[in-house]
Amino acid sequence: MMIVREATEQDLKVLLEFEQGIVSSERPFNETLIDGEIHYYDLHALILSPDASLVVVEGNNNEIIASGYALIKQSEKNYTQFREYGYLGFMFVKPEHRGKGINQLIIDNLTDWIKEKGISEIRLDVYDQNESAVKAYEKAGFEPLLLTMRLKA
């Protein structure tokens with residue numbers, strides 16, 4: 001039995017471990033990441049923000065096995081059809097629990113939260129070379145929009 005619930009401050013230790021799991025999994029796709037511990041997110045602020053929903057999935061014995069967040073952002077471009085959009089991030093499932101539909105459970109929960117806010121545009125970022133993640137997001141209905149390219153000079 002899996003339960004999706006809002007994260008609390010008591011979950012921060014586990015969430016910080018998940019963050020480092022994300023960093024480790026992304027290092028092969030991004031050679032520009034610095035060595036050592038990296039913090040992508042202000043997890044405490046996300047827990048407290050009325051413009052964010054940071055959720056965890058609990059498995060057996062109340063073990064936290066996955067996480068994700070939705071954040072309401074303002075469009076930086078004045079030529080889009082929307083002023084606000086929902087942004088998904090911090091999608092992490094412990095390796096031993098992958099392939100069980102948990103990521104879809106998180107996406108469904110977060111997209112429902114975004115829709116309840118009256119927002120219809122939802123975005124996320126994924127490394128294009130991370131084929132398993134790209135396939136998972138496409139299965140959830142996402143489609144590629146823009147590819148950022150770089151040149152090391």
Side-chain angles (χ1 to χ4, degrees), residues 1-74 82 84-148:
M1 173 84 177
M2 292 181 277
I3 297 170
V4 181
R5 66 166 175 81
E6 289 288 328
T8 67
E9 293 175 85
Q10 290 72 38
D11 300 324
L12 279 171
K13 181 179 182 219
V14 172
L15 295 173
L16 289 167
E17 291 171 9
F18 285 5
E19 182 178 35
Q20 294 313 302
I22 291 170
V23 171
S24 293
S25 70
E26 291 182 350
R27 284 192 189 281
F29 305 113
N30 188 346
E31 66 183 43
T32 68
L33 295 177
I34 61 173
D35 291 333
E37 191 169 292
I38 297 173
H39 294 282
Y40 291 156
Y41 317 103
D42 184 342
L43 296 169
H44 189 254
L46 287 168
I47 289 170
L48 299 177
S49 174
D51 292 327
S53 176
L54 174 54
V55 298
V56 296
V57 177
E58 287 186 356
N60 296 333
N61 302 318
N62 299 333
E63 175 193 13
I64 298 173
I65 59 174
S67 64
Y69 77 75
L71 179 63
I72 306 304
K73 291 187 166 192
Q74 301 297 313
F82 54 91
E84 295 181 315
Y85 64 98
Y87 179 82
L88 301 184
F90 193 44
M91 308 299 282
F92 182 81
V93 178
K94 282 185 159 184
E96 63 270 25
H97 295 282
R98 293 179 184 160
K100 300 177 183 177
I102 297 170
N103 198 51
Q104 186 65 53
L105 188 65
I106 294 169
I107 290 171
D108 290 345
N109 179 281
L110 295 174
T111 55
D112 287 347
W113 181 84
I114 291 167
K115 290 174 186 176
E116 288 171 11
K117 300 284 186 185
I119 296 171
S120 60
E121 182 74 16
I122 303 173
R123 299 197 172 188
L124 58 79
D125 292 316
V126 61
Y127 288 101
D128 68 322
Q129 295 174 341
N130 188 347
E131 293 177 13
S132 63
V134 170
K135 286 179 184 175
Y137 293 129
E138 287 176 338
K139 184 178 178 183
F142 287 86
E143 57 188 36
L145 179 64
L146 179 68
L147 173 64
T148 301

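Along the sequence shown, residues are numbered consecutively beginning with 1. If you're wondering where the values come from, they're calculated on a predicted model, not measured in any experiment.
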*Asks:* For the atom pair OG1 (T148) and CG (D128), what is the distance rounded to the nearest 0.5 Å?
*Replies:*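 Answer rounded to 0.5 Å: 9.5 Å.
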*Asks:* Between V14 and V56, is any pair of side-chain heavy atoms under 4.5 Å apart?
*Replies:*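 A side-chain contact is absent here, since even the closest heavy-atom pair is not under 4.5 Å.
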*Asks:* Are side-chain heavy atoms of K73 and I119 found at a separation under 4.5 Å?
*Replies:*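 Contact flag for K73/I119 side chains = no.
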*Asks:* Using the side-chain contact (heavy atoms from CB on, under 4.5 Å) criterion, which residues pair with E116? Sequence neighbours excluded.
*Replies:*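 If we apply the side-chain contact (heavy atoms from CB on, under 4.5 Å) test to E116, skipping adjacent residues, there are no hits.
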*Asks:* Is the closest side-chain heavy-atom distance between F90 and L15 below 4.5 Å?
*Replies:*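 The answer is yes; the side chains approach within 4.5 Å.
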*Asks:* Which heavy atom of A66 sits nearest a heavy atom of I106, and at what distance?
*Replies:*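 Closest approach of A66 to I106, heavy atoms only: CB-CD1, 3.6 Å.
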*Asks:* Show your reasoning for whether side-chain contact (heavy atoms from CB on, under 4.5 Å) applies to L48 and E9.
*Replies:* CA-CA 9 Å; L48 299 177; E9 293 175 85; 4.3 Å; yes
*Asks:* Near E96 CD, under 6.0 Å, is it more than 12 heavy atoms from other residues, nucleotides or ligands?
*Replies:*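 Atom CD in E96 is packed in, count exceeds 12.
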*Asks:* Should E19 and L16 count as side-chain neighbours, where that means a heavy-atom distance under 4.5 Å?
*Replies:*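 E19 reaches L16 side chain to side chain.
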*Asks:* Kindly write out the residues that satisfy side chain to side chain donor-acceptor pair (under 3.5 Å) with Y87, not counting sequence neighbours, or none if the list is empty.
*Replies:*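 Checked Y87 against side chain to side chain donor-acceptor pair (under 3.5 Å); matches are D125.
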*Asks:* About how many Å separate CD1 of I38 and CD1 of I22, when rounded to the nearest 0.5 Å?
*Replies:*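 With rounding to 0.5 Å, CD1 (I22) is 12.0 Å from CD1 (I38).
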*Asks:* For E84, what residues pass the salt bridge (Lys or Arg N to Asp or Glu O under 4.0 Å) criterion, not counting sequence neighbours?
*Replies:*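 Partners of E84 under the salt bridge (Lys or Arg N to Asp or Glu O under 4.0 Å) test: none.
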*Asks:* For A140 and I107, which heavy atoms make the closest approach, and how far apart are they?
*Replies:*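 Minimum heavy-atom separation between A140 and I107: CB-CD1, 3.9 Å.
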*Asks:* Not counting sequence neighbours, which residues clear side chain to side chain donor-acceptor pair (under 3.5 Å) with S67? List them please.
*Replies:*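 In terms of side chain to side chain donor-acceptor pair (under 3.5 Å), with neighbours along the sequence ignored, S67 is linked to no residue.
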*Asks:* Hey, could you give me the CE/CG distance between M91 and N103, rounded to the nearest 0.5 Å?
*Replies:*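 Result: 4.0 Å between the selected atoms.
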*Asks:* Could you pull out all residues at least two apart from E17 that satisfy side chain to side chain donor-acceptor pair (under 3.5 Å)?
*Replies:*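 For E17 there are no side chain to side chain donor-acceptor pair (under 3.5 Å) partners, ignoring immediate neighbours.
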*Asks:* How about K100 and V93: do any of their side-chain heavy atoms sit closer than 4.5 Å?
*Replies:*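 When only atoms from C-beta onward are counted, V93 and K100 do not touch, as no gap falls below 4.5 Å.
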*Asks:* Run the side-chain contact (heavy atoms from CB on, under 4.5 Å) test against D42 and tell me which residues pass, sequence neighbours left out.
*Replies:*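 Only H44, A45 meet the side-chain contact (heavy atoms from CB on, under 4.5 Å) criterion with D42.
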*Asks:* Could you measure the distance from the CZ atom of F92 to the CZ atom of F18? Nearest 0.5 Å is fine.
*Replies:*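 Rounded to the nearest 0.5 Å, the CZ-CZ separation comes out at 6.0 Å.
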*Asks:* Could you give the distance from CG (L71) to OG (S49), rounded to the nearest 0.5 Å?
*Replies:*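 If I round to the nearest 0.5 Å, the distance is 6.5 Å.
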*Asks:* Any non-hydrogen side-chain atom of D11 less than 4.5 Å from a side-chain atom of L43?
*Replies:*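 They are not in side-chain contact.
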*Asks:* Check L88 against A70 and note the closest heavy-atom contact, atom names and distance.
*Replies:*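 Here L88 and A70 meet closest at CD2-CB, 3.8 Å.
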*Asks:* So do E37 and V23 actually touch side chain to side chain, heavy atoms under 4.5 Å?
*Replies:*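 No. Closest side-chain heavy atoms not under 4.5 Å.
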*Asks:* Would you list the pairs meeting ring pair (Phe, Tyr, Trp, His ring centres under 6.0 Å) in which at least one residue belongs to residues 51-70, sequence neighbours left out?
*Replies:*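 Qualifying pairs: Y41-Y69.
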*Asks:* How close do E6 and S53 get, counting heavy atoms only, and between which atoms?
*Replies:*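 Looking at all heavy atoms of both residues, the closest pair is OE2-OG, 2.6 Å.
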*Asks:* Would you please name every residue forming a side chain to side chain donor-acceptor pair (under 3.5 Å) with Q104, sequence neighbours left out?
*Replies:*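 Result, side chain to side chain donor-acceptor pair (under 3.5 Å) vs Q104: D108.
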*Asks:* Specify whether F142 and Y137 have parallel, tilted or perpendicular ring planes, treating 30° as the upper limit for parallel and 60° as the lower limit for perpendicular.
*Replies:*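 The rings of F142 and Y137 stand perpendicular, inter-plane angle above 60°.
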*Asks:* Locate the shortest heavy-atom distance separating A133 from V126; write the atom from each residue and the value.
*Replies:*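 That closest heavy-atom pairing would be CB-CG2, 3.6 Å.
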*Asks:* Please collect all side chain to side chain donor-acceptor pair (under 3.5 Å) contacts where either partner lies in residues 20-29, sequence neighbours excluded, each pair once.
*Replies:*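 Output for this query lists E26-Y40.
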*Asks:* Only counting residues at least two apart or in another chain, list the ones meeting salt bridge (Lys or Arg N to Asp or Glu O under 4.0 Å) with R98.
*Replies:*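 Testing R98 for salt bridge (Lys or Arg N to Asp or Glu O under 4.0 Å), a comparison that skips the adjacent residues, returns none.
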*Asks:* State which residues pass side-chain contact (heavy atoms from CB on, under 4.5 Å) with S132; sequence neighbours excluded, sorted by chain then number.
*Replies:*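 Result, side-chain contact (heavy atoms from CB on, under 4.5 Å) vs S132: N130.
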*Asks:* Could you pull out all residues at least two apart from N109 that satisfy side-chain contact (heavy atoms from CB on, under 4.5 Å)?
*Replies:*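 Listed in chain order: V4, V55.
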*Asks:* Quick one: pull up CH2 in W113 and CD1 in I122 and give me the separation to the nearest 0.5 Å.
*Replies:*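 Result: 10.5 Å between the selected atoms.
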